[in-house]
> 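Mind looking over this structure? Questions follow.
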Number of protein chains: 2
Amino acid sequence: MRASQFFLNTLKEAPADAEIVSHQLMMRAGMIKKLAGGIYTYMPMGLRSIRKVEQIVREEMNRAGAIELLMPAVQPAELWQESGRWEKYGPELLRLKDRHQRDFVIGPTHEEVITDVVRKEVKSYRQLPLNLYQIQSKFRDEIRPRFGVMRGREFIMKDAYSFDRNQEAALKTYDIMYEAYQRIFTRLGLNFRAVAADTGSIGGNRSHEFHVIADTGEDAIAYCPASDYAANVELAEAVCNFSRPDATQNLQKVSTPNVTACVDVASLLGCELNKTVKSVVFANRTETEEGVMVQLILALVRGDHEVNDIKLGKLAGVVELSLASDEQIQAAFGCTPGYLGPVGVSSQIRVVADRTVAAMGDFVCGANEAHFHLKGVNWGRDLPEPEVADIRNVVEGDVSPDGKGTLAICRGIEVGHVFYLGTKYSKALQATFLDETGKPAVIEMGCYGIGVTRILGAAIEQNFDDRGIVWPMSIAPFEAVLCPIGYKKSEMVREAADTLYSALKAAGVDVMLDDRDERPGVMFADWELIGVPLRVTLGDRGLKEGKVEFQSRDGRIEKCDLALSEVAARIVKETKESVDA
Amino acid sequence: MRASQFFLNTLKEAPADAEIVSHQLMMRAGMIKKLAGGIYTYMPMGLRSIRKVEQIVREEMNRAGAIELLMPAVQPAELWQESGRWEKYGPELLRLKDRHQRDFVIGPTHEEVITDVVRKEVKSYRQLPLNLYQIQSKFRDEIRPRFGVMRGREFIMKDAYSFDRNQEAALKTYDIMYEAYQRIFTRLGLNFRAVAADTGSIGGNRSHEFHVIADTGEDAIAYCPASDYAANVELAEAVCNFSRPDATQNLQKVSTPNVTACVDVASLLGCELNKTVKSVVFANRTETEEGVMVQLILALVRGDHEVNDIKLGKLAGVVELSLASDEQIQAAFGCTPGYLGPVGVSSQIRVVADRTVAAMGDFVCGANEAHFHLKGVNWGRDLPEPEVADIRNVVEGDVSPDGKGTLAICRGIEVGHVFYLGTKYSKALQATFLDETGKPAVIEMGCYGIGVTRILGAAIEQNFDDRGIVWPMSIAPFEAVLCPIGYKKSEMVREAADTLYSALKAAGVDVMLDDRDERPGVMFADWELIGVPLRVTLGDRGLKEGKVEFQSRDGRIEKCDLALSEVAARIVKETKESVDA
């Protein structure tokens, strides 16, 4: 491509509403253009990178045996009513009526449509397994779209749906998709981690999010540098690797006037924060035939830990959890929050101690009396043994659940998700088949998403500097750019640039020739902002000695002179190595 | 691709609502699946052909200098209000509100969005010309969607929009697009014609529709087999190639009781139909400052011709045309319809004679008196010379307007349209640039559409037989299919099929290996229905002599034996020739 025949539109300044660096740089590099909140035109420069992401995704999905189709964006409400999501899905679901006043939605996802296709087509176990995918524009009516392509309303996704005879086969398909995703994100040139994720109401442990690691990521990820263990901080198992010591102190009530936070109590009493226990009271609301029941749960975590209410919510007997009100606490503990503790509480209150708390001795906690705490508290002696469970968030330095080291915490941007669905949709839509014995059985499903446009944003959040984007080779809009200095004035420069351009094109390099005849500073600034991986500068002075300047955007190859006769081969080598990597 | 790893879903019967052959065959071949009225899932088989169409379109658009981008489907109402189409566009425009009750549309076309992009980006004449296109799903809320992909509601289009400095440059771009379309439809392997079309309120003669010729086409096209002249029947110029003969008869009033139609009058009077003149009265409504004016127009065409009201509507002074009411006719002519004619009419009535009528002598027309006609009527002698214009539809056998032969009429399916827009949208949206002299000027635009999914339907309407689809090579879902007889039973068959399959794949042939181990009849019926151009049948008996059976779906290559060792080269040759053609 020649710059004079392309639509370049770089900007000096990002618009004020671009809050994060990927949004700013995509706007400044002319990759996207805002049409409405969360709705963007993918400009020629942006579309080039999108197509490269799509192609890598497509190749690996095909290699994994998935089959591409294309479903409509506009879907009839009836299917969503059948699955129950017409009611359950929030206002992110864009609903509309056609000219005949029939209800439709613009698809934010396609479980209903694909299950409808499959239930009509698949009759026999012989037609399974089946894994169908599409790459398509979706719409989610985010209440506050922002961050450019990171949280847009209209966006491009690859969504795949698998159909299997039974759970065993479905889990095998899950593993195949997991492997395909590993290959996809590796080929995209991104630093990523597969992260164990919540399966929600489906249960089981077959849900992984694929995160691009970036400091600006929205999600905190706990991972073990010594192994491939990784999980959302909220989901990572918190292990306690010490056992309870013997009691050495007597139980003692101490005055702590107006001191409530663990850190302040520890400071006042002259002890370590990790000798204190934090008490948090929740209300568990159960609706039975006899009416509404509310039981209070006293959750205990160490002073330097935080309660994880997702984990708490999964305990047996917990139905609907909320923080207890001050009134509920006063009624049950006879004390205001800030001085609560597990000693001497009513048997009506369910006391749950985090694993770490259960292994503590001589600890400090509230006395259930305003302005007083207890010290030297010991389980079994001063209060009954508690119910023990993992109810806290992991922290940096925790033992990894796989026992292979300690956990570190990083931030990530979710760009993919593999999910074992079981029969959630196939049961609702009655997608059945006749099994080997001729009996009808419900199809087992999985779904597998990749945020194609979001990947661009995530790749930039991971790869940028103060001059602009630093694209991985595989998804850069162009692999190499030729910057001739004096293209229109110097015949030698023009000839060398044109010849090199033709040679690179013939060798299959995705090359841009900047024939705009702009000043070098303008050219360099544009292509550094756009983030093209390889750059060749051709000038009269160097060419007289048969030389050109060569460098890579990521700093791996510093600016150096290369013989004009060798530069094509070198560029081919650099682009090829990236593909092979 | 192996059939066992693909999603085949052929049907014996087409659903009842599939009225035309392309709809029936696409359903039966498993290319599309209905989700709602006019909304289809493109199944894996269908998507393969769609992608091939898209790729040819993309390559030729790029070659012509157009640049691809991708605009959103969901568009804010404000832009449509700015262009005036929010009011003017009918209920085909699907309007909706987002969660904040803001108005949006699902784009049926993208003039507003692209003009908005360009007015924000283009400042100087140096940035022009610019031709931007996308391949994208569109939505038009047809009142009665039908015929499958031929008149769907959601469909895929290529739409391009050009931006030029002035009319001269815009018309040059128009010609470039016209040539690109010629190449596209030629490469698609379709029998097509570029047809001069109506430019509506834009004026000028730069509008061409590209029609795939098929007996089932909705549009009638007049074309000259001896030249490249072609136009919609409604627009084709009707030429009269004879001059008025001298009068030989006297004017005579004849009784024609209850006989009104020209053909019946001719029969009653024993003359040729082409000696009669048909009178049709229109009302031309003009709104001026003084109020509403209605003038009657008496349109005269030969008895065997039809009035063309599009042509009539373009006459000078004609504003809003409708057929005159019986009351208006009675008041002006003092006679009921059926016996009207131009002789002795009030000067208040505008008499317009078609060119052919103006060249007639001794003709027959109504006497403006119930149950009477006139014969031996001659211009100049019996009534004043009329206003003469081309106001009729052409008929088969008319002289071609380019003088190179006579016209034939065929039917076509519109699959593409190139259109010079002028400043219609750029003026409304104030898309201006600074010209060479530094003065602001309005950008000149053109738009260029291709119905990607519609092309599949049109290709089938043009190429089918009683066994199914007969795809052109370039857009067939697979170029060749291997049908091994006894794939699972015979090692010789399996080895030969697998080896041939690998060789063809390595040679870049898009080949399907039917490894389902179905009976030959089932395999043949499936692939003939699906319409794969080349077929190889591999059986034990032939293979023992080193031979396989080869044939083409279109009958060009009849079933013949080929040496197994030669068949790969032959298939490569056949597929390559199609590409080169």
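What you see is a predicted model, and the numbers here were worked out from it, not measured in a lab.
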> Look at Ile106(B), Ile143(B), Ile50(B) and state which one has the largest set of heavy-atom pairs under 4.5 Å with chain A.
Ile143(B)

> Could you name the residues of residues 11-18 of chain A that have a heavy atom within less than 4.5 Å of a heavy atom in chain B?
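Within residues 11-18 of chain A, near chain B: nothing under 4.5 Å.
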
> Give a yes or no on whether a salt bridge exists between Arg99(B) and Glu92(A), defined as a side-chain N under 4.0 angstrom from a carboxylate O.
yes

> Just so I understand: if I count every heavy-atom pair under 4.5 Å between each of Asn62(B), Ile39(B), Leu8(B) and chain A, which residue has the most?
Ile39(B)

> Can you tell me if Lys505(B) has over 12 outside heavy atoms packed within less than 6.0 Å of its NZ?
no

> So for Asp98(B), is it side chain, backbone, both, or neither that comes closer than 4.5 Å to the heavy atoms of chain A?
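Contact with chain A: backbone and side chain both.
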
> Run Gln134(A) and Thr41(B) through side-chain contact (heavy atoms from CB on, under 4.5 Å) and show every step you take.
CA-CA 11 Å; Gln134(A) 63 176 349; Thr41(B) 292; over 6 Å; no

> So which heavy atom on Pro72(A) is nearest to which on Tyr40(B), and how close?
CG-O, 3.2 Å

> Measure the spacing between CZ of Phe104(B) and CD of Glu154(A) and express it to the nearest 0.5 Å.
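One finds 10.5 Å between CZ of Phe104(B) and CD of Glu154(A).
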
> Determine the minimum heavy-atom distance between Val74(A) and Leu35(B), stating which atoms define it.
O-CD2, 3.9 Å

> Is Leu70(A) close to Ile156(B) at the side-chain level, that is, under 4.5 Å between some pair of heavy atoms?
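With C-beta onward as the side chain, the pair touches.
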
> Looking at every non-hydrogen atom in both residues, tell me the closest pair between Leu69(B) and Tyr42(A) and how far apart they are.
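Looking at all heavy atoms of both residues, the closest pair is CB-O, 3.2 Å.
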
> Could you have a look at Gln5(A), Arg153(A), Lys120(A), Arg95(A) and say which one has the most heavy-atom pairs with chain B under 4.5 angstrom?
Arg153(A)

> Is it true that Arg48(B) and Glu68(A) have a side-chain N and a carboxylate O under 4.0 angstrom from each other?
no

> Need one label for Phe139(B): side chain, backbone, both or neither, based on atoms under 4.5 Å from any heavy atom in chain A.
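The answer is the side chain of Phe139(B).
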
> So for Leu94(B), is it side chain, backbone, both, or neither that comes closer than 4.5 Å to the heavy atoms of chain A?
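Contact with chain A: side chain only.
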
> Measure Leu130(B) against the heavy atoms of chain A and call it side chain, backbone, both or neither at under 4.5 Å.
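Only the side chain of Leu130(B) comes within 4.5 Å of chain A.
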
> Under 4.5 Å from any heavy atom of chain A, what part of Leu47(B) do you find: side chain, backbone, both or neither?
side chain

> Donor-acceptor check, side chain of Glu121(B) to backbone of Asn9(A), threshold 3.5 angstrom: yes or no?
no

> Can you say whether Leu132(B) sits under 4.5 Å from chain A via the side chain, the backbone, both, or neither, judging by heavy atoms?
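The side chain, not the backbone.
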
> Which one of Lys34(B), Lys33(B), Met71(B) has the most heavy-atom pairs closer than 4.5 Å to chain A?
Lys33(B)

> In terms of heavy-atom proximity below 4.5 Å to chain A, should Ala73(B) be classed as side chain, backbone, both, or neither?
both

> Is it true that atom CZ of Arg2(B) has more than 12 heavy atoms of other residues, nucleotides or ligands lying nearer than 6.0 Å?
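It does: Arg2(B) CZ has more than 12 such atoms within range.
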
> Given heavy-atom pairs under 4.5 angstrom as the criterion, report whether the side chain, backbone, both or neither of Arg51(B) touches chain A.
side chain

> Considering only heavy atoms and a distance below 4.5 Å, find which of Pro129(A), Ala36(A), Pro91(A), Gly37(A) pairs most often with chain B.
Pro91(A)

> Looking at Ile67(B), Leu96(B), Val117(B), which makes the most heavy-atom pairs under 4.5 Å with chain A?
Ile67(B)

